[in-house]
**Q** 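Take this structure, written in structure tokens, and hold onto it; I'll ask about it next.
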Amino acid sequence: MTVWASVTRVAMGLNVALLAVLCAIWVRNYRAFGSKHALGLLAFGALVLAENALGLYYFTWHPMMAGWFFGLPETPASAMMSLQVLETFAISFLLWVTWD
């Protein structure tokens with residue numbers, strides 16, 4: 001397994017975990033306040049969570065796609081990894097702001 005693949009999968013896994021926490025907070029806030037803002041954040045979080053969960057599935061367990069992921073040339077693999085890592089930082093910052 002290449003380093004790029006490992007880092008990308010770890011970032012996707014972290015994104016799924018962080019987004020699950022964010023969605024739980026936004027569900028709690030929506031139940032408490034009933035605001036459209038909390039509902040909008042929840043919808044956004046659920047969609048990004050689904051995107052990351054699906055990506056993690058395809059790049060880890062799907063029979064055809066997981067094998068394809070290992071064969072990526074370094075440039076597209078590192079670009080994909082960079083995007084996932086940046087997303088992890090963005091979600092982490094959002095969680096920090098939301099938690100406060």
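Just so you know, these numbers come straight off a predicted model, no measurement behind them. Values reported hereafter were calculated over all heavy atoms of this structure, with side chains retained and with hydrogens, waters and symmetry mates removed.
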**Q** To the nearest 0.5 Å, what is the distance between CG on Leu41 and NZ on Lys36?
**A**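 Answer rounded to 0.5 Å: 13.0 Å.
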**Q** Phe93: what forms a ring pair (Phe, Tyr, Trp, His ring centres under 6.0 Å) with it, not counting sequence neighbours?
**A**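 Ring pair (Phe, Tyr, Trp, His ring centres under 6.0 Å) check on Phe93 returns Trp96.
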**Q** Given Val10 and Gln84, is the side chain to side chain contact (heavy atoms under 4.5 Å, CB included) satisfied, shown in steps?
**A** CA-CA 9 Å; Val10 167; Gln84 287 299 321; over 6 Å; no
**Q** Which atoms form the tightest heavy-atom contact between Trp99 and Ile25, and what is the distance?
**A**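 For Trp99 versus Ile25, the nearest heavy atoms are CE3-CD1, 3.6 Å.
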**Q** Quick one, Leu39 with Trp26, criterion side chain to side chain contact (heavy atoms under 4.5 Å, CB included). Give me CA distance, side-chain angles, the key distance, then yes/no.
**A** CA-CA 7 Å; Leu39 183 61; Trp26 291 331; over 6 Å; no
**Q** How close do Cys23 and Ala46 get, heavy atom to heavy atom, and via which atoms?
**A**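 Result for this residue pair: SG-N, 3.6 Å.
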**Q** Within a strict 4.5 Å, meaning less than it, do heavy atoms of the Met12 and Thr60 side chains meet?
**A**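 Met12 vs Thr60: side chains apart.
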**Q** Would a single hydrophobic cluster contain both Met80 and Leu54, if residues Ile, Leu, Val, Met, Phe, Trp and Tyr are joined by side-chain heavy-atom contacts under 4.5 Å?
**A**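 In one cluster with Leu54: Met80, yes.
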**Q** Using modelled atom types only, decide if a donor and an acceptor are shared between the side chain of Arg9 and the backbone of Leu56 within a distance under 3.5 Å.
**A**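 Here the side-chain-to-backbone pair does not exist.
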**Q** How about NE2 on His62, more than 12 heavy atoms from neighbouring residues, nucleotides or ligands closer than 6.0 Å, or not?
**A**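 Enclosed.
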**Q** Within this structure, what is the CD1-CG distance for the pair Ile91 and Asn52, rounded to the nearest 0.5 Å?
**A**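 CG of Asn52 is found 5.5 Å from CD1 of Ile91.
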**Q** Kindly give the heavy-atom pair with the smallest separation between Ser92 and Leu18, and that separation in Å.
**A**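 Result for this residue pair: OG-CD1, 3.3 Å.
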**Q** Is there side-chain contact between His37 and Tyr30, with heavy atoms separated by less than 4.5 Å?
**A**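 His37 does not reach Tyr30 side chain to side chain.
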**Q** In terms of hydrophobic clusters joined by side-chain contacts under 4.5 Å, are Val3 and Met81 together?
**A**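 The answer is yes; both residues are in one hydrophobic cluster.
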**Q** With rounding to the nearest 0.5 Å, note down the distance linking CG in Leu47 to CG in Leu42.
**A**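 That separation rounds to 9.5 Å.
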**Q** Please report the interatomic distance CG(Leu19) to CG(Leu14), rounded to the nearest 0.5 Å.
**A**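 If we round to the nearest 0.5 Å, Leu19:CG and Leu14:CG are 10.5 Å apart.
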**Q** List the atom of Pro76, the atom of Pro73, and the distance in Å for their closest heavy-atom pair.
**A**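 Smallest heavy-atom distance, with atoms named: CD-O, 3.3 Å.
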**Q** Cluster question for you: counting only ILVMFWY and a side-chain heavy-atom cut-off of under 4.5 Å, with indirect links fine, are Leu49 and Val21 together?
**A**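 Shared cluster, yes.
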**Q** Side chains of Asn15 and Glu51 only: does a donor on one sit below 3.5 Å from an acceptor on the other?
**A**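 There is no such pair between these side chains.
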**Q** For Trp61, check ring pair (Phe, Tyr, Trp, His ring centres under 6.0 Å) against everything at least two apart and list the hits.
**A**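 Listed in chain order: nothing, the list is empty.
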**Q** Answer with yes or no whether the hydrophobic clustering places Tyr57 together with Phe59; edges join I, L, V, M, F, W, Y residues whose side-chain heavy atoms lie under 4.5 Å apart.
**A**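 Linked, Tyr57 and Phe59 end up in one cluster.
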